[in-house]
Amino acid sequence: MTIQGENYKVTYHDGVISISGKLSLMLEDYEELETFFEKVIESQPHELILDIRNLEYLNSSGIKTICVSLILEAADIENLQMKILCSDRYTWQKETVPTFNDLMDDIKIVFE
Amino acid sequence: MSLFRQAQQPSERSEESQISPFAEMTFPLRMRKIRHEDWKRHIKKPGRIADRTGNRIDYREVRKMSEDKNVTVLGNFVDPKETDFEGSLTFTIKAAYIEKGKLWKSKDLTAEFLGNFWKNILDIEDIKPTLHFVCAELLENAVYHSLKSDYLIMIQLCFKTDELLVYVRNSAETEKIEAFKEFVRSILEAENLQKLFVQSMKNAKKSGGKRSQVGLITILKDRGAKLSWKIEQETDMTLVTTLSRISLKRKDA
């Protein structure tokens, strides 16, 4: 599954959701991504990895979409483990992603 | 010198009137015309005065007209006119109609440009992502809240040696302003922003669709910037100026 946008790309393969580029859409334009996350969760993976090591920029509506449509949805599913792979090249990730810890028990946030 | 400017306090005079002649015209339309001689007499001796058509105007009503602009300040707001700064950069977008998609893309380009520009001038690497995010989020709010098809958005960056002041000014619907003020007060008074963030995400999950305002919470919580507002309410519309103060820590400091 892939979404190719003008400045960004989202893929899902083998339990890994990869988002790269710059995500800065209007709230209504995140619907496609919400549906994407819904389908991923419906496919009932045991472990879900969100790889945002190449996500250079994320606006607040994007933060909301990831937190609400992915992390909080995953939190509702028993036995679903979640991990987020981040890069310390990006200040926004160092500042914001660790705060996602409080959205889901046992979520792992890994920096490299 | 126009009578109408005399009737207002100088500090209330809108910055718009310096940017565009169209904006200057909105003030006279709201005020009834008073002859200059009458006004001068009024200032010396308060009492009833008459306008050009002979209708009597109570001086209390005249003063009320100039105080009609209801101004609310939330947080630690400083007016750009009352601050000494080393330099500033201002972008103003004024249009009767701009296609929202194009405005959105311009917003991204502007925010990124401002981040790069000031990173270059100040030689502080870290400033770019913070400034990019703050400018983009404030501009996004300005676009969302602006009165439909009447965009008057101004972004001004003022540089002081120890901080950057980012001002974003836009028009907004007067009816929605009380709810906005409530929200702003709640984030300024929040004891625990992280808790507020989590709660706001959970609420967004329940209600779906609406904008969560997580942008402002993220600016305060994660980007280390301060926020404050000046809200000027007039009968037909409201002007909102948002100020974000970003402290500058030099590498060699």
Side-chain angles (χ1 to χ4, degrees), chain A residues 5-8 21-35 37-38 41 52 55-77 82 84 86-105 107 109, chain B residues 99-112 115 119 124-141 143-144 192-225:
Chain A
E6 202 183 319
N7 295 317
Y8 64 92
K22 297 183 203 179
L23 255 187
S24 182
L25 308 172
M26 282 193 260
L27 185 64
E28 40 272 32
D29 295 338
Y30 276 110
E31 229 179 273
E32 197 186 3
L33 190 59
E34 281 175 25
T35 311
F37 288 153
E38 223 177 89
I41 292 191
I52 50 172
L55 184 57
E56 200 181 314
Y57 184 85
L58 185 64
N59 72 344
S60 61
S61 297
I63 293 174
K64 182 226 165 195
T65 303
I66 289 178
C67 290
V68 172
S69 304
L70 183 63
I71 303 177
L72 286 178
E73 289 294 333
D76 277 348
I77 299 178
M82 186 151 181
I84 308 183
C86 311
S87 167
D88 54 21
R89 279 183 292 154
Y90 299 121
T91 319
W92 78 265
Q93 293 195 16
K94 287 190 282 185
E95 288 169 351
T96 299
V97 183
T99 71
F100 296 172
N101 242 319
D102 291 333
L103 297 171
M104 182 177 178
D105 291 335
I107 187 172
I109 296 173
Chain B
E99 196 251 301
K100 209 176 190 179
K102 294 219 159 88
L103 188 65
W104 195 261
K105 190 162 183 193
S106 296
K107 171 268 301 180
D108 282 327
L109 295 169
T110 307
E112 204 170 346
K119 167 194 134 196
I124 301 174
E125 192 71 37
D126 282 346
I127 201 72
K128 194 214 153 173
T130 305
L131 200 47
H132 180 178
F133 188 84
V134 169
C135 291
E137 290 301 322
L138 296 188
L139 284 171
E140 280 184 22
N141 282 344
V143 171
Y144 276 122
N192 187 333
L193 285 167
Q194 176 62 11
K195 247 186 176 170
L196 188 62
F197 163 68
V198 172
Q199 199 49 56
S200 145
M201 292 294 94
K202 291 187 174 164
N203 291 343
K205 180 172 186 246
K206 270 188 236 149
S207 64
K210 277 193 309 185
R211 294 194 72 233
S212 62
Q213 298 281 31
V214 72
L216 297 177
I217 298 173
T218 308
I219 290 175
L220 285 170
K221 175 171 74 77
D222 303 336
R223 303 288 174 268

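Below, chains carry the letters A, B, ... as their sequence lines are ordered, and counting in each starts from 1.
With a threshold of 4.5 angstrom between heavy atoms, A:Glu6 approaches chain B through side-chain atoms but not through N, CA, C or O. Interface remark: A:Leu58 contributes backbone atoms only to the contact with chain B (heavy atom separation under 4.5 Å). Contact of A:Asp76 with chain B is made through the side chain alone, with heavy-atom distances under 4.5 Å. Within the 4.5 angstrom heavy-atom criterion, atoms from both the backbone and the side chain of B:Lys202 approach chain A. Contact annotation for A:Tyr90: neither backbone nor side-chain heavy atoms come within less than 4.5 Å of a heavy atom of chain B. A:Lys94 does not touch chain B: none of its heavy atoms, backbone or side chain, sits under 4.5 Å away. With a 4.5 Å cut-off on non-hydrogen atoms, A:Ser24 touches chain B through its backbone and its side chain both.
No more than 12 heavy atoms of other residues, nucleotides or ligands lie within 6.0 Å of CG in A:Asp105, so this atom counts as exposed by the packing criterion. Counting non-hydrogen atoms of neighbouring residues, nucleotides and ligands closer than 6.0 angstrom, the CD atom of B:Gln194 exceeds 12 such neighbours.
A:Glu34 approaches A:Ser69 most closely through the heavy-atom pair CG-OG, 3.2 Å.
A salt bridge between B:Lys128 and B:Glu112 is present, with a side-chain N of the basic residue lying under 4.0 Å from a carboxylate O of the acidic one.
For the pair A:Lys64 and A:Tyr30, the cation-pi criterion (under 6.0 Å, within 45° of the ring axis) is not fulfilled.
Ranked by heavy-atom pairs under 4.5 Å with chain B, the first of A:Leu25, A:Ile71, A:Asp29 is A:Leu25.
Expressed to the nearest 0.5 Å, how far CD of B:Glu137 lies from CD1 of B:Ile217 amounts to 11.5 Å.
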